[in-house]
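One structure is given here, and the rest of the page talks about it.
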Amino acid sequence: MAFLWSGGWLSSSHSLTLETYYGLFVREGIVTTAEQEVKEDIAKLLRYESSALPAGQLTSLPDYAGRMQAGTRNIYYLCAPSRHLAEHSPYYEAMKRKNTEVLFCYEQFDELTLLHLREFDKKKLISVETDIVVDHYKEEKFEDGAPGDRLSEKETEDLMAWMRNALGSRVTDVKVTLRLDTHPAMITVLEMGAARHFLRMRQLAKTQEERAQLLQPTLEINPRHVLIKKLSQLRDSEPDLAQLLADQIYENAMITAGLVDDPRPMVGRLNHLLVKALERH
């Protein structure tokens, strides 16, 4: 296979070297070029790790497309600083149930690049975070389970109503999710990648309330997680501690979503929670 680059043809053996050493320029070409056909020609040079391949092994968009099951039309990706953080992300956890390959993108401008690329070989490029929002209404039905495995539907409804009041204007809504296993909650925002880029570039929304007004975030809670079950108990027995815990669950979800630039303001609350925990021993 060969690729057209700056008026000449490059063999596929050279494309990996190009992407490695000139990755920033490759991404710039995709972002600044208007013609979709040219964007896709340049995008053949991109290389990413994949959930379907061992760590350290890179793959291309054409290779991903070649592995897609018949009838599937989306190429999924997740931007994260490292493979470890990608694999332990609540958004990847929510996608694993679909048994779908996900590209892991680690470079600073990968998200902006893929937002501009939009599609490749007539297949849409979709962030797993966006897919979760779009797919939300097909999901979240309570099923029968062993008592104690999770909050009941009534307990969950009561807790969500309490959390909407406790978190106030910082969230647009609180909903339930059954797609998480190890995480207590996650933030969902329509077009998460675009929202992150907008916040970084505009340097706006310094306060939590300002960010919420721009982002319209939804907090999705996992009724099976021990923190959520404990929060349900504490909201009546120890409301002050419950408020601290709800605030921290929200902040953790915002940090995981990449929507908090500076986590230092929450250190005081963490110290307070540690004091509360040690008071029991």
Side-chain angles (χ1 to χ4, degrees), residues 1-83 86-87 89 91-92 95 98-135 189-198 200-201 258:
M1 182 181 292
F3 303 122
L4 180 62
W5 182 256
S6 298
W9 290 94
L10 295 172
S11 68
S12 57
S13 63
H14 291 105
S15 63
L16 180 56
T17 302
L18 257 183
E19 207 283 332
T20 301
Y21 291 102
Y22 300 101
L24 181 60
F25 300 105
V26 170
R27 288 161 176 80
E28 182 183 11
I30 294 171
V31 171
T32 57
T33 300
E35 295 81 4
Q36 182 64 26
E37 184 179 355
V38 177
K39 287 178 184 284
E40 293 190 26
D41 275 342
I42 299 172
K44 293 174 184 176
L45 298 171
L46 295 171
R47 294 293 185 274
Y48 301 109
E49 287 198 24
S50 165
S51 62
L53 301 173
Q57 183 174 337
L58 301 179
T59 191
S60 66
L61 292 175
D63 289 342
Y64 181 109
R67 290 191 293 269
M68 292 173 65
Q69 297 179 358
T72 56
R73 305 303 305 166
N74 298 329
I75 295 175
Y76 293 99
Y77 65 90
L78 176 62
C79 295
S82 67
R83 187 181 183 104
E87 290 181 330
S89 161
Y91 304 101
Y92 178 62
M95 278 292 292
K98 291 186 173 185
N99 195 29
T100 300
E101 181 177 359
V102 178
L103 296 175
F104 295 146
C105 310
Y106 309 138
E107 297 299 325
Q108 180 181 2
F109 296 106
D110 277 337
E111 192 160 56
L112 179 63
T113 301
L114 296 177
L115 285 170
H116 278 267
L117 183 57
R118 298 189 307 278
E119 63 178 50
F120 181 84
D121 190 25
K122 298 182 181 179
K123 300 170 179 63
K124 290 184 178 179
L125 287 158
I126 297 182
S127 163
V128 298
E129 300 155 325
T130 297
D131 182 75
I132 287 168
V133 175
V134 171
D135 202 42
V189 172
L190 189 62
E191 298 296 342
M192 183 90 80
R196 275 193 293 261
H197 179 67
F198 179 81
R200 284 195 299 264
M201 294 300 102

In Å and rounded to the nearest 0.5 Å, what is the [atom1] to [atom2] distance from [X] to [Y]?
X	Y	atom1	atom2	answer
Leu61	Asp121	CG	CG	10.0 Å
Cys105	Glu49	SG	CD	10.5 Å
Leu58	Ser50	CG	OG	10.5 Å
Leu125	Leu103	CG	CG	8.5 Å
Asn74	Ile126	CG	CD1	3.5 Å
Tyr48	Glu107	OH	CD	9.0 Å

Does [X] use its side chain to pair, donor to acceptor, with the backbone of [Y] at less than 3.5 Å?
X	Y	result
Lys39	Ile30	yes
Arg27	Leu112	no
Arg83	Ala80	no
Arg67	Ala65	no
Thr72	Met68	no
Ser127	Glu129	yes
Tyr64	Glu101	yes

Given side chains that start at C-beta, do those of [X] and [Y] come closer than 4.5 Å, heavy atoms only?
X	Y	result
Glu87	Phe104	yes
Ser51	Tyr92	yes
Glu119	Gln36	yes

Would you check, one step at a time, whether the test side chain to side chain contact (heavy atoms under 4.5 Å, CB included) holds for Met95 with Asp131?
-> CA-CA 9 Å; Met95 278 292 292; Asp131 182 75; 3.4 Å; yes
Would you find more than 12 non-hydrogen atoms of other residues, nucleotides or ligands less than 6.0 Å from Gln57 atom CD?
-> yes
Any chance you could lay out the side chain to side chain contact (heavy atoms under 4.5 Å, CB included) test for Phe120 and Lys44, step after step, and finish with the verdict?
-> CA-CA 9 Å; Phe120 181 84; Lys44 293 174 184 176; 3.9 Å; yes
Flag for Thr33-Glu35: side-chain donor and acceptor within less than 3.5 Å | no
For residues Asp63 and Ser60, is any side-chain donor paired with an opposing acceptor at under 3.5 Å?
-> yes
Please step through side chain to side chain contact (heavy atoms under 4.5 Å, CB included) for the pair Leu117 and Glu40, ending with a clear verdict.
-> CA-CA 7 Å; Leu117 183 57; Glu40 293 190 26; 4.2 Å; yes
Heavy-atom closest contact (Ile42 atom, Val26 atom, distance) = CG2-O, 3.5 Å
